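Not measured: the values here are computed from a predicted model. We number each residue from 1, following the sequence as shown. Counting convention: from 1, in listed order, for ligands and their atoms alike.
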Amino acid sequence: MNKNEIKIFSPATVANVSCGYDVLGFCLDTIGDEMVVRKTDRKGIYITKIEGYDLPLDATKNVAGVSALAMIADAKPNFGFEIEIYKNIKPGSGIGSSSASASGSVFAINELLGRPYNKTQVTDFAMKGEALASGSEHADNLAPGIFGGFTLVRSTSPLEVLQLPTPKDVYATIIHPQIEIKTSDARAILPKTFPLKDAITQWANLGSFVHALHTSDYELLKRSLQDVIVEPHRSQLIPHFAEVKLAALAHGALGASISGAGPSIFALSKGIENAKNVEKAMRNVYSKTSIAFETYVSKINTEGIREI
Ligand SMILES: Nc1ncnc2c1ncn2[C@@H]1O[C@H](COP(=O)(O)OP(=O)(O)OP(=O)(O)O)[C@@H](O)[C@H]1O
Ligand SMILES: N[C@@H](CCO)C(=O)O
């Protein structure tokens with residue numbers, strides 16, 4: 001018997017991970033949204049409650065509704081769904097706020113339907129919602145949320161997601177300065193073409209990063225966490241980015257860069273003590289400014305979205 005209602009935790013995620021613009025991502029554990037989804041007799045998708053941030057209740061204007069509508073257009077159930085969203089991830093934060101909603105609704109509906117779709121298909125429906133927020137279909141926040149751990153999106157059409165191994169001692173530190181950067185704006189400022197020598201550097205780093213995950217080679221991980229394509233352009237949108245990055249590296253981070261489209265900055269470290277030292281160093285930089293901020297230290301969440 002399928003359930004009538006489910007409550008889920010939909011975690012925040014870090015996309016790009018320095019060397020993997022639009023393809024690489026990982027899943028966090030200490031911050032995420034909660035959602036309740038229940039079956040209802042009236043057909044369609046109804047967002048009945050949103051707490052935390054001011055977002056549209058209209059299902060066609062909310063990423064959670066858009067992905068859910070795409071799923072039910074395919075599944076054609078003879079009932080509908082009500083969605084309640086309890087948001088903790090600030091929209092425009094760079095840690096996958098829109099992605100958590102777009103993937104959470106379809107994960108939950110798939111569970112209530114008795115899991116007719118596999119994780120790749122769930123991600124495909126979620127991409128329809130994510131496109132509403134960013135103006136393009138990309139899955140580098142969605143895939144780690146749905147699959148857990150580190151993921152690589154080899155292709156979006158057709159969608160192919162590779163689940164990568166998570167070395168057991170890797171921890172993430174996030175600093176989120178409370179300014180908003182819209183993903184669509186951060187995408188618009190990027191050049192359309194790049195010098196071949198930069199592309200070579202970037203794909204060498206991406207390949208090495210994936211190899212480092214497979215072999216738990218922390219020194220290689222450190223050398224690979226570099227972005228010569230996107231960071232030089234987007235870092236100008238984030239106050240004190242260079243100081244935060246330098247502070248993180250000086251206090252033991254393996255690497256640091258912009259989380260997704262920013263303004264959040266992430267660092268990866270070996271061991272939780274290093275990750276906490278990096279948090280302190282990052283906080284020191286912003287403490288000297290008038291910009292409000294939040295920080296998080298998190299293990300890599302290898303499960304992804306889960307029922308609670
Ligand atoms: N359920 C929702 N949750 C969050 N944002 C939503 C939702 N529905 C619609 N939006 C819109 O999506 C935009 C935020 O998405 P955006 O991709 O810019 O931020 P983000 O998801 O935090 O960033 P990133 O993808 O870089 O991690 C806002 O304009 C917001 O109004
Ligand atoms: N890869 C995306 C992630 C943000 O949604 C970007 O950086 O624009």
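Each of Ile45, Leu132, Val106 was evaluated against Val66; a single residue qualifies, Leu132, per the side-chain contact (heavy atoms from CB on, under 4.5 Å) test.
The atoms of ligand 2 that sit less than 4.0 Å from any heavy atom of Asp22 are 1 (N), 2 (C), 6 (C). For ligand 1 and Asn62, the ligand atoms under 4.0 Å from any heavy atom of the residue are 1 (N), 2 (C), 7 (C), 8 (N). Shown in contact with Asn141 at under 4.0 Å from a heavy atom are these atoms of ligand 2, numbered in order with element: 3 (C), 4 (C), 5 (O). Close approach of ligand 1 to Ile95 (heavy-atom distance below 4.0 Å) involves ligand atoms 27 (O). Residue-ligand proximity, Tyr21 to ligand 2, at heavy-atom distances under 4.0 Å covers atoms 6 (C), 7 (O), 8 (O). Close contacts between ligand 2 and Ala15 involve ligand atoms 3 (C) [criterion: under 4.0 Å to a heavy atom]. Set against the non-hydrogen atoms of Lys87, the atoms of ligand 1 under 4.0 Å away are 3 (N), 4 (C). Counting atoms of ligand 2 from 1 in the listed order, those under 4.0 Å from a heavy atom of Gly260 are 7 (O). Within ligand 2, the atoms closer than 4.0 Å to a non-hydrogen atom of Asp140 are 1 (N), 2 (C), 3 (C), numbered from 1 in the order shown.
In terms of protein heavy atoms, atom 16 (P) of ligand 1 is closest to Thr183 OG1, 3.2 Å. Ranking the protein heavy atoms by distance from atom 5 (O) of ligand 2 puts His138 CE1, 2.9 Å first. Among all non-hydrogen protein atoms, the one lying nearest atom 6 (C) of ligand 2 is Arg187 NH1, 3.2 Å. Scanning the protein for heavy atoms near atom 4 (C) of ligand 1, the closest one is Ser97 OG, 3.4 Å. Regarding atom 13 (C) of ligand 1, its nearest protein heavy-atom neighbour is Ala133 CB, 4.0 Å.
Between Tyr117 and Phe125, the two ring planes are perpendicular [angle over 60°; tilted spans 30° to 60°]. Between Phe26 and Phe150, the ring-plane angle classifies as tilted under the 30° and 60° cut-offs.
Of the listed options Ile181, Val63, Val66, Val63 places a heavy atom closest to atom 7 (C) of ligand 1. Comparing heavy-atom distances from atom 10 (N) of ligand 1 across Leu55, Asp33, Ile50, Leu132 singles out Leu55 as nearest. Across Ala64, Pro263, Ser98, heavy-atom proximity to atom 21 (O) of ligand 1 is greatest for Ser98.
Polar contact with ligand 1: present for Ala261 (N/O pair, distance under 3.5 Å). The distance criterion of under 3.5 Å between nitrogen or oxygen atoms is not met by Ser184 with respect to ligand 1.
The six-membered or imidazole ring of Tyr286 lies near that of His240, with a centre-to-centre distance under 6.0 Å.
Within the 4.0 Å heavy-atom criterion, the part of Asn141 lying near ligand 1 is the side chain and not the backbone. When heavy-atom distances to ligand 1 are checked against a 4.0 Å cut-off, Ser101 comes that close only through its side chain, counted from C-beta outward.
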